[in-house]
Amino acid sequence: MRLRIEELTISGTTRTVHFQPGLNAITGAMSGGKTATISCLRALVGGDVNVVPELKGRTITGTVLIGNRRFRIVRPLVTTDTAKIDVAEIGGAEHAWRLPAARLEPGYDLTFRDWYLQMLGLPKVLVPRAPTDETSPLVPVTINDYLMYCVLRQDQIDSSVFGTPDNYHKDIKRKFVFEIYYGIFSAKAIELREHLRTVSVELKALTADAKTLERVLETTSFSSAAQLQVQQTQAIEQLARSREAEQDLNRTLQEPATVALRAQIAAAEADLQVTDTSLRSETATVARLTGLRDQLVAQSRRITRALVAERLLSDFEFHTCPRCGSDVPERGGDDTCRLCLQNPPAVVPTTALVSEQDRVIEQVAETDQLIARSQERLQLLRQTREEKIGLRAELGAQLDRLAQGFLTDQADRIRRFGADQARLEEQLLRIADALALHQRLQNQGSRIAELEREREDLISRLDTSRHRNPAAAERMSELDHAFENTLRSFDAPRFEPRPGSYISRKNYLPIVDGRAFSELSSQGVEVMVNVAHALAHQLVALAHPESLLPNLLIIDGVSSNVGHEGIDLTRLEKMYATLLATTQQHGEELQIIVVDNDLPPIPGVHVALTLSDTDRLVPETEPQA
């Protein structure tokens with residue numbers, strides 16, 4: 001993917017730097033600000049802000065070309081990860097963004113870092129912090145990590161490859177970025193690695209839990225599952241025997257004497273219930289007869305009053321009111337009572353009233369006889385009830401004495417059965433809990449074995465997906481050739497024997513004539529190897545348009561420790577010539593920016609910026625008059 005820096009402006013100054021496609025140079029004295037310029041360029045393309053004090057708090061403005069789209073970027077040089085950065089597209093759709101630098105905030109969908117990943121088509125992936133530990137936390141691969149292959153920093157160019165392997169975590173990111181660029185870390189590999197991490201996390205947790213559980217069991221008396229099973233069987237048998245003995249004891253409580261007494265008590269209670277029923281019935285009969293007698297007496301009294309009125313009042317005619325003594329006036333008719341003005345009822349013959357009176361008196365006498373007989377029966381029932389209550393109490397007392405005496409004799413046995421059974425039940429509960437722990441440990445062992453087999457299978461499949469990708473293998477072979485040819489074009493010093501130079505398939509670091517980078521004794525050689533290594537990656541990416549590596553290379557300190565006389569100067573010239581020829585060959589597809597103390601030793605290089613002690617990157621402010 002083409003990534004080109006076209007312009008850089010530092011706000012508050014007159015400093016504006018224009019860059020061209022191809023090979024650009026920034027030259028000048030050591031204190032002029034060349035490395036500070038590279039820090040600004042790295043911040044412009046999404047890197048972290050790490051600038052000299054003079055630049056802190058200032059704002060840079062720049063124009064970058066990504067693919068065929070051109071963008072204007074305004075970024076403050078502050079380390080706050082939520083600092084806002086403005087981006088506007090020039091031409092085309094003319095989109096505009098305002099983005100936090102590295103950490104999302106409410107109301108924002110994208111960070112400036114993620115915006116660069118999106119524009120460059122770089123995948124946003126999470127990788128384990130420690131690849132050898134699949135359970136390690138996952139960390140994101142950022143634009144800083146991807147640009148590692150595009151920037152050779154001055155403090156690293158003559159000592160290490162992209163600052164690694166001295167920085168362990170950075171070295172891990174370097175390896176993952178390599179695999180992403182070369183198609184080794186594919187979508188399938190990401191899926192397999194995530195599955196492997198899930199399996200490893202579960203395996204680690206289960207293994208730790210199983211070891212802890214095993215240590216706990218070993219420190220107790222329940223360490224042997226076989227012994228626990230024997231103890232469980234014995235406890236169950238002892239408990240069954242105890243319960244059977246207790247049942248035998250309970251059966252002995254049903255002695256013949258107590259059985260007979262219980263039967264007598266039941267019969268007495270049944271008789272008492274019958275007597276109570278008869279008593280309630282007889283009491284109700286007496287009440288009814290008493291009520292009937294009262295009604296008959298009242299009726300007799302009414303008949304007596306009627307007979308007396310008939311004999312004494314029938315011949316009286318009231319002319320004076322019997323109540324107040326006033327004269328009663330003539331009123332009413334012949335059929336109307338002069339006193340109450342009502343029609344008198346038909347007069348019942350006296351003989352009929354006398355007969356009714358005799359009949360009622362006879363009924364009263366008969367009722368009195370019935371009441372007397374019922375009261376006699378009631379008294380008898382009450383006496384019978386008292387006798388039966390006494391009998392029931394006596395039988396109950398006899399049963400209590402017999403039962404109490406028997407239970408007292410067996411109290412020790414009963415308590416012993418209860419204690420034994422409680423102890424055995426408690427023992428069975430402890431054994432069951434211990435056996436459950438052994439079963440859990442056994443299940444964990446089975447699951448651990450299953451997870452280990454699955455882990456081995458995933459590692460094998462992951463290794464297959466990483467190292468048996470024909471396209472990736474072919475591109476890495478091209479990288480070996482590009483690296484070897486670039487070193488030859490630099491006329492870099494070689495070592496005997498000369499098996500050639502290549503990239504290690506184990507750690508993806510350059511190997512020069514069989515020597516690892518850390519074994520190179522010359523810092524000048526290390527600079528040439530680093531430049532050749534970085535340029536080789538660009539050559540492979542340019543040969544494969546589908547490559548994800550941005551086609552931008554920034555080299556800070558290209559002539560560090562190389563020398564400027566004799567054969568060293570010739571080698572420096574060849575380095576520049578190779579860089580220039582590469583950019584000329586690929587036209588606008590590749591931009592290289594080199595930083596050096598001196599002007600390029602060959603013509604044709606665009607010098608974008610020249611700095612000095614008096615013309616620094618941030619010009620000194622003239623004192624005001």
Side-chain angles (χ1 to χ4, degrees), residues 4-5 8 17 19-42 45 147-163 482-483 485-493 501 510 512 517 520 522-539 551-586 590-612 617:
R4 183 196 307 167
I5 301 173
L8 172 67
V17 185
F19 298 93
Q20 295 181 358
L23 183 59
N24 297 261
I26 298 175
T27 64
M30 290 186 295
S31 60
K34 302 187 299 298
T35 298
T37 305
I38 298 303
S39 298
C40 292
L41 295 180
R42 293 181 67 246
V45 293
L147 292 178
M148 188 186 309
Y149 282 79
C150 299
V151 180
L152 290 175
R153 294 169 50 180
Q154 184 183 31
D155 57 344
Q156 300 170 356
I157 193 170
D158 59 356
S159 60
S160 63
V161 180
F162 305 139
F483 179 48
N485 293 336
T486 304
L487 275 180
R488 290 183 180 278
S489 68
F490 290 175
D491 194 18
S501 303
V512 180
F517 186 88
L520 301 177
S522 168
Q523 289 182 310
V525 174
E526 290 176 341
V527 170
M528 301 179 73
V529 168
N530 267 331
V531 175
H533 175 239
L535 184 59
H537 284 292
Q538 292 292 334
L539 292 172
N551 299 130
L552 171 68
L553 182 56
I554 299 175
I555 306 173
D556 187 2
V558 65
S559 65
S560 299
N561 299 305
V562 174
H564 296 78
E565 297 180 358
I567 187 64
D568 289 337
L569 177 60
T570 303
R571 286 170 175 164
L572 180 62
E573 292 173 348
K574 289 183 177 181
M575 286 176 62
Y576 269 98
T578 300
L579 293 174
L580 180 60
T582 301
T583 56
Q584 291 175 342
Q585 177 183 356
H586 295 281
L590 175 63
Q591 183 182 54
I592 300 178
I593 300 175
V594 296
V595 178
D596 209 345
N597 292 337
D598 303 319
L599 290 173
I602 63 172
V605 179
H606 171 68
V607 179
L609 176 63
T610 300
L611 301 171
S612 65
L617 176 66

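In terms of heavy atoms, S489 sits closest to K574 at O-CB, 3.4 Å. In plain terms, the two heavy atoms of Q154 and T35 that are nearest each other are OE1-OG1, 2.8 Å. Here the closest non-hydrogen pair linking L8 and C40 is CD2-CB, 3.9 Å. For the pair Q156 and G163, the tightest heavy-atom approach, listed with the atom from each and the gap, is OE1-N, 3.2 Å. Considering all non-hydrogen atoms of both residues, D158 and Q523 come closest at O-CG, 3.7 Å. Residues P600 and V607 come closest through the heavy atom pair CD-CG2, 4.1 Å.
Taking CG from N597 and OG from S560, the interatomic distance works out to 7.0 Å, rounded to the nearest 0.5 Å. The distance from the CD atom of Q538 to the SG atom of C150 is 5.5 Å, given to the nearest 0.5 Å. Between the CG atom of L152 and the CG atom of L553 there is a distance of 6.0 Å, given to the nearest 0.5 Å. Taking CE of M575 as the start and OG1 of T486 as the end, the distance is 11.0 Å to the nearest 0.5 Å. Between the CG atom of L572 and the CD1 atom of I602 there is a distance of 9.0 Å, given to the nearest 0.5 Å. Going from atom OG1 of T583 over to atom CD of Q20 covers 11.0 Å, rounded to the nearest 0.5 Å.
T578 has its side chain within reach of L535: a pair of non-hydrogen atoms, C-beta onward, lies under 4.5 Å apart. For the pair L617/L609, a side-chain contact is recorded, criterion being any heavy-atom separation below 4.5 Å from C-beta on. Looking only at side-chain heavy atoms (C-beta outward), V161 and N530 come within less than 4.5 Å of each other. Taking 4.5 Å as the limit, some side-chain heavy atom of L41 sits within range of a side-chain heavy atom of I593. Using a 4.5 Å cut-off on side-chain heavy atoms (C-beta onward), I554 and I38 make contact. Side-chain atoms of H533 and F162, non-hydrogen and from C-beta on, do get closer than 4.5 Å to each other. No side-chain heavy atom of H606 sits under 4.5 Å from any side-chain heavy atom of L23. When side chains are defined from C-beta on, F19 counts as touching Q591, because their heavy atoms get closer than 4.5 Å.
In this structure, a donor-acceptor pair under 3.5 Å is present between the side chains of S559 and D596.
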Derivation and outcome, side chain to side chain contact (heavy atoms under 4.5 Å, CB included), residues H586 and L539: CA-CA 9 Å; H586 295 281; L539 292 172; 4.1 Å; yes

Side chain to side chain contact (heavy atoms under 4.5 Å, CB included) assessment of L552 paired with I5: CA-CA 9 Å; L552 171 68; I5 301 173; 4.3 Å; yes

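Listed for the R571 side chain is a donor-acceptor partner under 3.5 Å among the backbone atoms of D491. Using a distance-only test at 3.5 Å, with no hydrogens or angles considered, a donor-acceptor pair links the side chain of K34 to the main chain of A29.
With sequence neighbours left out, S612 forms a side chain to side chain contact (heavy atoms under 4.5 Å, CB included) with T614, D615. Residues that satisfy the side chain to side chain contact (heavy atoms under 4.5 Å, CB included) test with S501, not counting sequence neighbours, are F483, E484, L487, R494, V512, D513.
A salt bridge between R153 and D556 is absent, with no side-chain N of the basic residue lying under 4.0 Å from a carboxylate O of the acidic one.
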